[in-house]
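The block underneath contains the structure these notes are about, expressed in structure tokens.
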Amino acid sequence: DQQVKQNSPSLSVQEGRISILNCDYTNSMFDYFLWYKKYPAEGPTFLISISSIKDKNEDGRFTVFLNKSAKHLSLHIVPSQPGDSAVYFCAASNSGYALNFGKGTSLLVTP
Amino acid sequence: NAGVTQTPKFQVLKTGQSMTLQCAQDMNHNSMYWYRQDPGMGLRLIYYSASEGTTDKGEVPNGYNVSRLNKREFSLRLESAAPSQTSVYFCASSDWSSYNEQFFGPGTRLTVL
């Protein structure tokens, strides 16, 4: 059963606007959440993470928000750039080595 | 720094054949992982090695074996390949201090006919 869900398979955003990618999880024991970015024919690359004790983490243009009561997190990219076009995976762990990944959201940033 | 390297990049096997996927990392990481990614799916953990000398099953270990050869190398073996094992395989590594932040290799695309 999928414990991490990314319900939007794709998203298209204009360059310069905000991209918001969403992720829901079902396991309340998850305590660490990550976003990975993946280009075709490459491995995923770590982007940003957040611990369950926080509700926001920011790194340059990327911000991750965590709403524990709703079991929901989101990744905001502002401003979006064409080079951000990739597949974004949400992942979660419960203090172990295993990461549980969502199915990914394909982001397309158009000029 | 090459990071995480995987060989081969592509492989085609016939049902019943065996092969070993190789993975090496040069970041002095303690932990290493093997994932598979199927179309429209996220990555699923096959096996991991928290430290040299230890291996543990992940979510989908059936049909696979692993060997942590040394701190740098972690191999994945398919003893008798099946079409259901057609997938892209990713190796990853991480440091103990930030074990969730895993660094991935470029992947091996395996097709089993």
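Taking CD of A:Gln2 as the start and CZ of B:Arg44 as the end, the distance is 9.0 Å to the nearest 0.5 Å. Atom CG of B:Leu43 and atom NZ of A:Lys103 lie 13.5 Å apart (nearest 0.5 Å). The distance from atom CZ of B:Phe104 to atom CD of A:Glu42, rounded to the nearest 0.5 Å, is 13.5 Å.
Side-chain polar atoms of A:Tyr36 and B:Glu101 form no donor-acceptor pair below 3.5 angstrom.
Nearest approach of B:Met41 to A:Phe89, heavy atoms of both residues: O-CE2, 4.2 Å.
Using a 4.5 Å cut-off between side-chain heavy atoms of Ile, Leu, Val, Met, Phe, Trp and Tyr, with links allowed through other members, A:Val13 and A:Ile77 fall into the same hydrophobic cluster. Following chains of ILVMFWY side-chain contacts shorter than 4.5 Å, one cannot reach A:Leu21 starting from A:Phe46, and the two form parts of different hydrophobic clusters. One hydrophobic cluster, built from ILVMFWY side chains closer than 4.5 Å, holds both A:Leu11 and A:Tyr88. Placement of B:Tyr48 and B:Phe103 in two distinct hydrophobic clusters is found when ILVMFWY residues are connected by side-chain heavy-atom separations under 4.5 Å, directly or transitively.
In this structure, A:Phe101 has its ring center closer than 6.0 angstrom to the ring center of B:Tyr35.
The environment of NZ in A:Lys5 is sparse: at most 12 heavy-atom neighbours from other residues, nucleotides or ligands sit within 6.0 Å. More than 12 heavy atoms of other residues, nucleotides or ligands shown are found within 6.0 angstrom of CZ on B:Arg77. Other residues, nucleotides and ligands place no more than 12 heavy atoms under 6.0 Å from the CE atom of A:Met29.
Contacts of A:Ala41 with chain B are made by backbone atoms alone, with heavy-atom separations under 4.5 Å and no side-chain atom involved. Neither the backbone nor the side chain of B:Glu59 comes within less than 4.5 Å of any heavy atom in chain A.
Across B:Ala50, B:Gly58, B:Ala92, the residue that shares the most heavy-atom pairs under 4.5 angstrom with chain A is B:Ala50.
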